[in-house]
Novice: 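Quick one: structure below, then a few questions.
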Number of protein chains: 2
Amino acid sequence: MSDVRDDQRQRILDPDSVAVVGASTDPQKRGHQAIVTLEEGGYEGDIYPVNPGAEEIRGRTVYDSVSAIPGPVDLALVVVPAPVVPGVLEDCADTDLAGAVVVAVGFGETGEEGEALERRIVDLAREHDVRLIGPNTSGMINVHEGLNLVGAENVPAGDIALLCQSGNLAIALFMEAMGVPGRGFSHYVGVGNESDLRFDEYLPFYAADDGTNAITLYVEGMSDGRAFLQRAREVTPDTPIVALKGGRSAVGKESTSSHTGSMAGDAAVADAVFEQAGVVSVERSDELLPTARALGSLPAADGENVAILADGGGHATLAADALAEQGLSVPDLTAETQERLREVLPDAASVVNPVDVAGGTDDDPSVFYDCAAAIAADPNVDALLLSGLFGGYGIRFSASLADPELDAAHDIAGLAAEHDLPVVVQSAYESAEPEAHAVLREQGIPVLESLEVATRSLGALATYGDHCARADRKSDFRLEPGAADDTTLDEVVDGDGDLSEHAAREALSRHDVPLSPSELATSADEATTAADRFEGPVAMKVVSPDIVHKSDVGGVALDVTDDPAGTYRDLVAAAHDHDPDATVEGVLVSPMRETGVELVVGVVEDEQFGHVAMVGVGGVFVEVLEDVAFRALPLTRADARDMLADLDAQELLDGARGTEPVDREALVDLLVAVSGFVEANPRVTELDLNPARASGSDVEALDAAMTVRPAGREESGDPAEQVSEESADD
Amino acid sequence: MSDVRDDQRQRILDPDSVAVVGASTDPQKRGHQAIVTLEEGGYEGDIYPVNPGAEEIRGRTVYDSVSAIPGPVDLALVVVPAPVVPGVLEDCADTDLAGAVVVAVGFGETGEEGEALERRIVDLAREHDVRLIGPNTSGMINVHEGLNLVGAENVPAGDIALLCQSGNLAIALFMEAMGVPGRGFSHYVGVGNESDLRFDEYLPFYAADDGTNAITLYVEGMSDGRAFLQRAREVTPDTPIVALKGGRSAVGKESTSSHTGSMAGDAAVADAVFEQAGVVSVERSDELLPTARALGSLPAADGENVAILADGGGHATLAADALAEQGLSVPDLTAETQERLREVLPDAASVVNPVDVAGGTDDDPSVFYDCAAAIAADPNVDALLLSGLFGGYGIRFSASLADPELDAAHDIAGLAAEHDLPVVVQSAYESAEPEAHAVLREQGIPVLESLEVATRSLGALATYGDHCARADRKSDFRLEPGAADDTTLDEVVDGDGDLSEHAAREALSRHDVPLSPSELATSADEATTAADRFEGPVAMKVVSPDIVHKSDVGGVALDVTDDPAGTYRDLVAAAHDHDPDATVEGVLVSPMRETGVELVVGVVEDEQFGHVAMVGVGGVFVEVLEDVAFRALPLTRADARDMLADLDAQELLDGARGTEPVDREALVDLLVAVSGFVEANPRVTELDLNPARASGSDVEALDAAMTVRPAGREESGDPAEQVSEESADD
C-alpha cells in the first residue's frame, strides 16, 4: 500500500462529515452514544447515522448504508461486530468515503481466523480507496473540532497529539492531563492493530496542524518502523515527538548466533534509532505528558548547561543531582553574574551555581526575577530551573507576598521570551494552584511538583536541541536501492546461510572495511609459508562454512610461534573430529596483535527498523559488559560519532590507564564502511566483527562472521516500499 | 559525647513543657508566632515565654531566663541570635532542662568564627547536660501532641517520622503529603548542623513510638555514619527506614591513589551500607513519601514475585516493564489460578501474568475481587499490583458501578489482610479521590497515580522483606576493639604510609588472605633461584616502599621465561632511574597465572561510615567498567555474598563464554579474611588487591597495596566511641 494521500489524510483526521455505521436507538449502545457525544461536543460537520433496521435516531434520518447517504462522507465510525465489517466496506465501493474507524475486536489479535478477516478488510479497503484506523481501536478524537469518536468524556483540550496503542492508557493520560491546568490534547488516534494506516502516516498531519505543538506516542510495536524513522526525521525539527515504548522488558532478543544479535533487544534498538531520528524517548509513563508539554511550549536548549535558582539548600542539592542524572551540567556562572546576584541576595546566599537565595526572597519574592535576570544574561547558561517554593510565598508566608510573586511570574515569563531561554519551574505549591503558576503556564513555562519530572523535561530540551542543531548531518534512513546491484556476495558465497571467515573477509575487503592481514593456507606447507610472512606469532583459525564457533570446536590456535604446519594439521583434525562431513577450506593465518581496545562492530536486521549497526565494548565479553550502541543504517559520519559517544566506557577510548587514545575518526571510517557494505548487500542479515581492535589510528577487524539470506528473497525488516520523497515533503 | 539517655531523649521529643527563649510581644516575630502555633496546635504541656525585656505575652507570664522558670522544663526553643546562645546555655547550669532547639544560623556553616561558636555551645550544653537540636535548624514537630516548633502550618498528621537536613525540603514534603489523603507525619526534626544530637540518636524514640510506622531521612552528610548503621540495623526489622541522599552528584571522591578509593564515591558507599543495614534508599525526591507509606502500612514481601492485575493491555505491559526495572519478577501463575481466572473473565482476557481482564470488569468491577482472590491464593505470588482504572468505573462508565467498586475495594483490602499479602493499587483516577480509594487507604493499601512510583514501592517491599529475613546474618557494624592488639603491622612495617608489596603480602598472609606464591629476591642470583622454583613463566616486580605504581616506572616484568637475573638488574636499575634515593628491598618473583576472572578487592576508610570493603570487576580497568559493590566492615559471609550478588557481571562469575564458574564461597573466604585483617589492624586506611584472580575455587590476590596511618592516631572514619550495647537495646 502506498502512503496515504495528503487530501485523504486531511479528510480522515479533520472530517467535514461522519457516518456512524451501527447507529442505535438504544441509549446504552455505543452506536447511540457516539452521536450524543458528537452533538454535545459541538461537532459542526454532518452526522449520518447508518443502520438498515432503524429510521430515526435523535431526530436524524438513519440511512440503510453508507452508499445510501446523499452527501459526501469523509469518515465512517464503524461500530458493528467484526464479521459484519467486510459487508460495510463492500458497500463503499462506489462512495467517496476517505476513511473508516473500525472499533471491533476479533481480528489479527485473536488468532488465525481473525487474521484472515483482518487481511480481508484491508484488501477491501484498498480496493475501494478507503483507509482504515484500527481495527481493535478505541477510536479517534479531533479535540478542537469536537469530533470525539472514542466516548471518553472530558478530554482536556490542548496542543498535544497522541498516537496510542492502548485505549486504557489513553484514558489514564486524559485523566492525568485533567489534573494539570493548561495541559491537554489536540488529537488522539488509537492506532489499534495498525493493519492499514501506520504510525508514520499520521505524522505529517500533526506536523502541519496549527493546533498541535507536540506529538506523543505510546508504542508497543510498529508495523513499519523504517517508514516511521524517515517520517519522524522530517517532522521533528519543527514538531517534537515524544515516545513511550511498552514491552521494554519483553524477551525481545531474537534467536541468533551473533553477539550483535544477542544484544539487539527491542527497546535498546528502538531507543537508539528514535534518538537518531530526533524522537525523544521516555522510560516512565509519568514523564510522557510533562516532557511533551515542555518540548511543545519551550524553545529547545542550545546546550546542556543549566542554572539552578533555588530557595533552599535541599532543593539546590537535589536539583543538581537530578540534572546530573539527566546528563546535564551545572556550570559556573560568570563573575559578572555572581556580582549581580550578590547585589540582590543576602550574604548567606550561594551565588555560584546552584544559586541558593538563602532567605533572600522571604520578604520579597520579586527578588526571584532579579536573580533570573542576572542568570538569563549569563552566556554560560542554556536553561534555567527554578526550584523550591515559588508560588507558595503568598500562601505560606504572608498574603501580601502574592502580588510581588505574581509580578515576578510575569517578569520571569517575559525574560524567558526575551532571551529565548527555556525555563522550567519546580514548586512544592503546584497542587495549590496559585495564580503565579497560572501566569507562568499561560506563557508556556511548565510548573511541576516533582523535581525529577522537571529535570527530565530539561534533559529532553537539551537532547532535542542537540538533534535540531545536527539533524541534517544524520541519517535520512533511506537505503539506496541502486547499490543493490553489488555482486560481491554472489561472487564470494555459494548460496546463503553462514559464510566462512575467509569469504566474509573477502566480501568486506571489497568495501574497504579494514581487516587484519590474513592468508588462507590450504596445506601445512602453505601454513608455514604464511606464518613466515608475518613477523612474530600468528593466529590460526580453521576455515569452514559449517563451523561458525571455531573456538568451541578447537579450531583456533593463538600465539603460534613454532610449527605452524603441525598446528595446521591439528586444527583440521579438530574440525573433522567435530563434524566429519564439514567442508574445510583451509586455515586462515594472521598476525597476532598487541592488545588495543577490543570492540565488537556488527549489523543486525531488526524486525521493525530493518538494518541497524552496533558498536560495543569488550570483544567476546560484550554480553557481560552490556556497553553497546545502535543506529539504523545507512550511517552518516555523525551517526557513527554518536554511537561512539553513546558508549559508557569513554575512558577506554580516551586512553584509560596509560593506553594510547583511540582515533575516533578511524573507528568512524570502519563503521561507515560496514554501513556501506550492508547497504550495498542487503542480503546480509547478521554481521559480526568480533573483536575489532583499535589502537591509536590503527583500527581493524580481527575476525568476521556473516549470515546472508538467499538471493532474491525480500528483506524482512525493511519496508518493501519506502515513503515516497514526494509525499514526505508536505 | 556518649549516646543520649532514653529518658532525656523522651523529654526532648515528647516534652511536657516548653520554654520559648526569645519570646516576643511583636506578632511578626518568630518568638511570638511560636507561642501562637503551640496554642493553636492544641499543645497541652506548659508553655513558658522567656525574655528579660518583657512581662506578659498573650496573657502568659514572661520569665527573665530559663533558670527563673518555677516548674521543670523539658525543652527550650531558642530563637535568639547566635551570639546570645552561649549565655542562654550558661544560664541552664542549674536547671533540669533536657534539650534545646537552636534555630539560629551563623555557626559551623559560615566559617571559622562560626565553628568556634558552635564548639562553644556544644561544650556548654555537655557541661550542663542539655542536648541540642541544631543549630541552624528549622526546628522540630511532634505532630500528634500539637507541638510545632517550626512554624510550618498545615503539617498533615500521619505515621511517618521525618529527619531532614533541609527546612525547605521539609515544607515541600508537608505540601506533597497534604495532597494525598491518609499520608502524613508523626514527627519532624530538622537535624541542622548535627553538632550535638546525631541522626542515629533519634531513631530509638521513633522505633518505640506507637504513632510512627516508618522513618524517613533526607541526609546530605552524617556526622557519625557508623553509629547510624549500628542503630538502623537494630531498628529496621521493626520500623522501616527510607533515606533520600542529597549530593549524589557531588565530586565526593577522595583524593586517593588506590582503585578502591577512586570508586568509593559518597553515594555509592552510602547506598550500599544503607542496604546492608536494612535502610531503603530512594534516588528520587518524589519517591520518598510513597515508599515510606508502603513500607509503613504493608507487610514486607516474602519474595520478588509480583502478580499484575490490569484492566488494559497498555497498563499490563508498562507495569511489567516497570517491575523489571525494579529487579522484580512477573512469574507464571499456577494452572489452578489460571483456571479460576478463566471462570470469571471473558475469553479475550489474559490469565497468565500479567493478567489483563480485557473488559471483564466493565459491567461489574467486583470481578476485580474475584481475580484478586484467585491470585492471592497462588503460592507463586509474593505481592499484587492492581493497575489501570480501578476507582474510576463509577465515574467514567456508570454511576451504578460505584457500589460494586466500593465492595471490591473492601473485599480486596480484606483479602490482603487475610493472606498477609502486600497489595499496591495504581489508578488513573487517583486525583478524582473516589470513595473506593479511601476505603483501600484506610486499610493501609496505597493508591498511586504514577505506575513507576507504585512499582518503586513494590521494589522497596521486596528489598525490605529480603533484609528482614536475613538481618541477623548481616554485619552488626561493630568492629571488635580487642583485636586492635594485633601486632602484624608493627612487625612488617616501619612507620606508616605506603607499604611495599612484600610487606603488604606478609601482613595479609598472617590473616589467611590467599595470595599467589612469591619470593623476595634480593640479588640477581636469588631471582634465578626463585624463578626456577616456580613452573613456567614468572612475574617480577620491584619491591620498594617508595614506589607505589610499579608499572609506571618500568618496575614490572611479566611472562619472564629466560634470564631472570638480567631482568632483576633491569628492574632495579629502572627503580633507581625513577628515584635515585628509592629504597629497593629487592624483586618479588611470582608465577604467572592463566587468565581467570580478574577482580579488585579492596578496603577504604569512608569519611562517614569508616572502613568499607569493595569488590569490583575488571582488574586495572575497574574505573572504566564501574561494576563494583561495597559493604561496611566487619563483613559476615552473608554480606560478602551480597557484594558478589550486587555486581552487574553475574555471567562472568557464573562462567561466561565457556570459562569455569567461580566458586563464590572461595571468594567469600577472601573477602571475609580481608575484613578480619583490617578489623584487627584498623590503622589500614587503604587496601587494594588488584588484580585478585578467581578461577573455579582457585582464588588469590596477585598483587597487594596498602596504606597505613601512624600507630596511635585515631581513625578518621570510625566513631571514637561506639553506641553502647546497653542503650541500643531499648
Side-chain angles (χ1 to χ4, degrees), chain A residues 105 110 152-153 164-169 171-172 175-176 178-179 218 220 244 246-250 283-286 311-315 317-318 320-325 348 388-389 392 396 428-429 431-432 449-453 551-552 620-621 623-626 648-649 651-652 656-658, chain B residues 105 110 152-153 164-169 171-172 175-176 178-179 218 220 244 246-250 283-286 310-315 317-318 320-325 348 388-389 392 396 428-429 431-432 449-453 552 620-621 623-626 648-649 651-652 656-658:
Chain A
V105 297
T110 57
E153 288 167 44
C164 195
Q165 254 174 344
S166 159
N168 277 22
L169 188 70
I171 291 177
M175 280 301 297
E176 183 188 332
M178 273 180 61
Y218 170 67
E220 294 183 353
L244 173 65
R248 306 185 72 83
S249 58
E283 292 192 16
R284 296 170 61 109
S285 60
D286 59 8
D311 48 3
H315 285 109
T317 301
L318 290 169
D321 290 353
L323 288 170
E325 192 67 28
L389 310 180
R396 175 164 299 274
Y429 286 83
S431 60
E449 183 178 23
S450 161
L451 185 55
E452 288 76 13
V453 175
S551 304
D552 294 354
V620 294
F621 287 110
E623 288 97 339
V624 176
L625 301 176
E626 291 188 335
D648 291 331
E651 303 97 319
L652 210 59
R657 304 289 301 177
Chain B
V105 295
T110 57
E153 288 167 42
C164 196
Q165 254 173 343
S166 160
N168 277 21
L169 188 72
I171 292 177
M175 281 300 298
E176 183 188 331
M178 273 180 62
Y218 171 67
E220 294 184 354
L244 173 66
R248 306 184 72 83
S249 58
E283 293 192 14
R284 295 171 61 108
S285 60
D286 59 7
D311 49 3
H315 284 109
T317 301
L318 289 170
D321 289 352
L323 288 169
E325 191 66 28
L389 310 180
R396 175 163 296 275
Y429 286 84
S431 60
E449 182 177 24
S450 161
L451 185 54
E452 288 76 15
V453 175
D552 295 354
V620 293
F621 287 108
E623 288 97 340
V624 176
L625 301 176
E626 292 188 335
D648 291 331
E651 304 97 320
L652 209 61
R657 304 289 302 177

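Below, read A as the first sequence line, B as the second, and so on, with proteins coming before strands; counting in each chain starts at 1. Model, not experiment: these values are computed from the prediction.
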Novice: When rounded to the nearest 0.5 angstrom, what is the spacing between CG in A:Asp311 and CG in B:Asn168?
Specialist: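 Reported value, rounded in 0.5 Å steps: 5.0 Å.
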
Novice: Between B:Ser431 and chain A, which part of the residue has a heavy atom less than 4.5 Å away: side chain, backbone, both or neither?
Specialist: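 The side chain, not the backbone.
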
Novice: Do B:Leu318 and A:Leu244 touch side chain to side chain, with heavy atoms closer than 4.5 Å?
Specialist: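 Of all side-chain heavy-atom pairs linking A:Leu244 with B:Leu318, at least one is under 4.5 Å.
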
Novice: Among B:Gly388, B:Cys164, B:Ser450, which residue forms the greatest number of heavy-atom pairs with chain A at distances under 4.5 Å?
Specialist: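 Top option by heavy-atom pairs under 4.5 Å: B:Ser450.
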
Novice: For the candidates B:Asp286, B:Leu451, B:Asp648, which exhibits the highest count of non-hydrogen atom pairs separated by less than 4.5 Å from chain A?
Specialist: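 Between B:Asp286, B:Leu451, B:Asp648, the count favours B:Asp286.
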
Novice: Who among B:Glu220, B:Gln165, B:Met178, B:Glu449 has the most heavy-atom pairs with chain A under 4.5 Å?
Specialist: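 Option with the greatest count: B:Glu220.
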
Novice: Chain A: which of B:Gly313, B:Ala172, B:Ser285 shares the most heavy-atom pairs with it under 4.5 Å?
Specialist: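 Highest number of pairs under 4.5 Å: B:Ser285.
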
Novice: Rounded to the nearest 0.5 Å, what separation is found between the CD atom of A:Glu283 and the CD atom of B:Glu452?
Specialist: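 Output value for this atom pair is 10.0 Å.
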
Novice: Of the backbone (N, CA, C, O) and the side chain (C-beta and beyond), which part of A:Leu323 lies under 4.5 Å from a heavy atom of chain B, both, or neither?
Specialist: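 Neither; nothing under 4.5 Å.
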
Novice: Contact part of B:Val453 toward chain A, heavy-atom cut-off under 4.5 Å: side chain, backbone, both or neither?
Specialist: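 Both backbone and side chain of B:Val453 come within 4.5 Å of chain A.
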
Novice: Looking at chain A, which one of B:Ala324, B:Gly246, B:Ala310, B:Gly179 has the largest number of heavy-atom pairs inside 4.5 Å, strictly under?
Specialist: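 The option with the most such pairs is B:Gly246.
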
Novice: Let me know if B:Glu176 has heavy atoms under 4.5 Å from chain A in its side chain, its backbone, both or neither.
Specialist: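 For B:Glu176, heavy atoms of backbone and side chain both lie under 4.5 Å from chain A.
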
Novice: Is A:Ala322 in contact with chain B via its backbone, its side chain, both, or neither, using a 4.5 Å heavy-atom distance?
Specialist: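 Looking at A:Ala322, nothing touches chain B.
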
